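Chain identifiers are assigned alphabetically (A, B, ...) following the order of the sequence lines, protein sequences preceding nucleic acid strands; residue numbering begins at 1 within each chain. Keep in mind it's a predicted model, so treat the numbers as computed, not measured. What's counted below: heavy atoms across the whole structure, side chains too, no hydrogens, waters or symmetry copies.
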2 protein chains.
Amino acid sequence: MDAIDLSLVELLQGNARLSYAELARQVGLSAPAVHERVGKLESGGVVRAYRAEVEPEAIGLGVTALIGIVEDSGGDTDDVLEAFRRMPEIESCYFMAGVESFLLKARVGTIAELEQLIVRLNRTPGVASTRTGIALSTKWENRPQPLARPAT
Amino acid sequence: MDAIDLSLVELLQGNARLSYAELARQVGLSAPAVHERVGKLESGGVVRAYRAEVEPEAIGLGVTALIGIVEDSGGDTDDVLEAFRRMPEIESCYFMAGVESFLLKARVGTIAELEQLIVRLNRTPGVASTRTGIALSTKWENRPQPLARPAT
DNA sequence: AGGCTCAGGTCGATGGCGTCCACGGACTGT
DNA sequence: ACAGTCCGTGGACGCCATCGACCTGAGCCT
C-alpha cells in the first residue's frame with residue numbers, strides 16, 4: 001500500500017469507471033501494472049465494490065430517516081441484526097456505543113411507508129424502542145475523503 | 001425511465017465497472033443502445049457518480065462517528081453548512097427535522113482526531129451544541145435497494 | 001563479491017470493446 | 001396516407017484489456 005495505490009484508490013473513488021489506460025496515465029505506470037495493482041486492492045479487501053451512486057428520488061425513494069434502536073435487555077443482538085438485514089429499506093446499520101445499540105439509515109418512498117417500517121421495527125423481538133429522525137434534505141452523502149496520510 | 005433503465009441502474013449499483021457490452025447482454029439490447037440509455041441516466045441526474053467503495057480501515061479511517069448538531073437561534077444555516085463542507089472528515093450531512101438541525105457522519109483515524117473534530121464543530125459560529133455517538137462497528141453501509149416499483 | 005530469487009515493472013500482440021454513423025421500423029398527430 | 005420523431009440495430013475503426021515474455025533492482029545466502 002504505497003503512494004501509487006493511494007492515488008489509484010482516490011481516482012477510483014472519484015470515478016469508478018475510469019479505464020486502466022487512463023489510470024495508468026494519471027499515476028505514471030503502464031496499464032498492465034495498474035491492472036495488477038487494482039486487482040490486488042480488490043482481492044486484498046481495500047476496494048470492496050464499485051457502485052453507481054443513484055439519486056434516490058429518481059427511483060422513488062424520497063424519504064430518508066435515521067432511526068435509533070434501544071435493545072431489550074434480554075434480546076439476542078444477532079437475531080435483531082438478522083431481522084434488520086431482511087428489511088431492504090435499511091441501507092446502513094451501525095452498532096453504536098450508548099443507550100441506542102443501533103443506528104439505522106433507512107430510505108422509503110413515502111411517510112406512510114416509513115410508518116410501516118417503524119411499526120415493523122418496534123414489533124421486532126429484541127427491540128425495546130425506536131427513535132426516528134427524518135432528513136429534510138441530504139446536503140451530501142458519502143463524500144470521498146482526500147487520502148492524505150500514507151496509511152501503514 | 002422504463003423497466004430496462006431500472007435494470008441498468010440496478011446492475012450498475014451492483015457493479016459500476018460492468019462494460020456496456022456486458023450490460024447489453026444482460027438487458028437484451030445492443031451495446032450502443034445501452035450506451036445511449038446510460039448516458040441519458042447520467043445527464044438526467046439519475047446516476048450521479050460511480051465510486052469505488054473502500055474499506056475505511058484500510059485507508060487509516062478506523063473511527064466512525066455520528067454527530068447531531070443543535071443550531072444557535074441566531075446562526076445562519078448556510079454559513080454553518082459552508083463550515084461543515086470545509087471539514088473533509090464529514091462524509092455525510094443531513095438537514096434534519098427536530099431539535100438537532102444536522103446529523104453528520106464523520107470518519108477519522110483515531111479518537112484523538114475525533115476529539116479535535118468535535119472541538120472544531122463546537123467552535124463553529126452558529127453551532128450551539130453537539131452530541132456524538134461512536135459506531136463500534138459498521139454492520140453494513142449503503143446497501144443498494146432492490147428496485148421494485150417502476151417509478152414514474 | 002557474486003549469483004539466486006522474487007516482486008513488480010515494461011513491451012508487444014491480439015481479441016474484444018467503446019463509440020460514431022447511417023439506416024430502419026413503430027407510433028403519433030394531422 | 002404521410003411525415004416526423006424516437007429508439008433501436010449493424011458495421012467500422014481505433015483504443016483498451018489482458019496475456020505472456022522479458023527486464024531490472026533489492027535482498028539474501030554462500
The criterion is salt bridge (Lys or Arg N to Asp or Glu O under 4.0 Å); which residues satisfy it with B:Arg37, sequence neighbours excluded? B:Asp2, B:Asp5

Co-members of A:Val99 in a cluster of I, L, V, M, F, W and Y side chains, linked at under 4.5 Å: A:Val70

Indicate yes or no: does A:Glu89 engage A:Arg120 in a salt bridge with an N to O separation below 4.0 Å. yes

Check nucleotides 8-11 of chain C for protein N or O atoms closer than 3.5 Å to its own N or O atoms and list the pairs.
from	atom 1	to	atom 2	distance (Å)
C:dG8	OP2	A:Lys40	NZ	3.0
C:dG9	OP1	A:Arg37	NE	3.0
C:dG9	OP1	A:Arg37	NH2	2.7
C:dT10	OP1	A:Ser30	N	3.4
C:dT10	OP2	A:Ser30	N	3.0
C:dT10	OP2	A:Ser30	OG	2.3

Pairs meeting criterion ring-ring contact (aromatic ring centres under 6.0 Å, His included) with involvement of residues 110-129 of chain A, two or more places apart: none

Considering only residues two or more places apart or on different chains, which pairs with a residue in residues 10-45 of chain A satisfy ring-ring contact (aromatic ring centres under 6.0 Å, His included)? A:Tyr20-A:His35

Distance-only criterion, 3.5 Å: show the donor-acceptor pairs between side-chain atoms of residues 75-85 of chain A and protein atoms not counting sequence neighbours.
from	atom 1	to	atom 2	distance (Å)
A:Asp76	OD1	A:Asp78	N	2.8
A:Thr77	OG1	A:Glu71	OE1	3.4
A:Thr77	OG1	A:Glu71	OE2	2.8

Salt bridge (Lys or Arg N to Asp or Glu O under 4.0 Å) against B:Arg48, all qualifying residues, sequence neighbours excluded: A:Glu53, A:Glu55

Which atom pairs link the protein and nucleotides 13-17 of chain C when you take only N or O atoms and keep those under 3.5 Å?
from	atom 1	to	atom 2	distance (Å)
C:dC17	OP1	B:Arg25	NH2	3.2

Taking side chain to side chain contact (heavy atoms under 4.5 Å, CB included) as the test, write out the residues that go with A:Ala21, two or more places apart. A:Ser19, A:Arg25

Could you list the cluster mates of A:Met96? Members are the ILVMFWY residues connected by side-chain heavy atoms closer than 4.5 Å, either directly or through other members. A:Leu66, A:Tyr94, A:Leu103, B:Leu66, B:Tyr94, B:Met96, B:Leu103

Give the first and the last nucleotide of DNA chain D, reading 5' to 3', that has any atom under 4.0 Å from a heavy atom of chain A. D:dC16 to D:dC19

The criterion is salt bridge (Lys or Arg N to Asp or Glu O under 4.0 Å); which residues satisfy it with A:Glu91, sequence neighbours excluded? A:Lys105, A:Arg107

Determine: side-chain N/O of B:His35 to OP1/OP2 of C:dG18, distance under 4.0 Å, yes or no. no

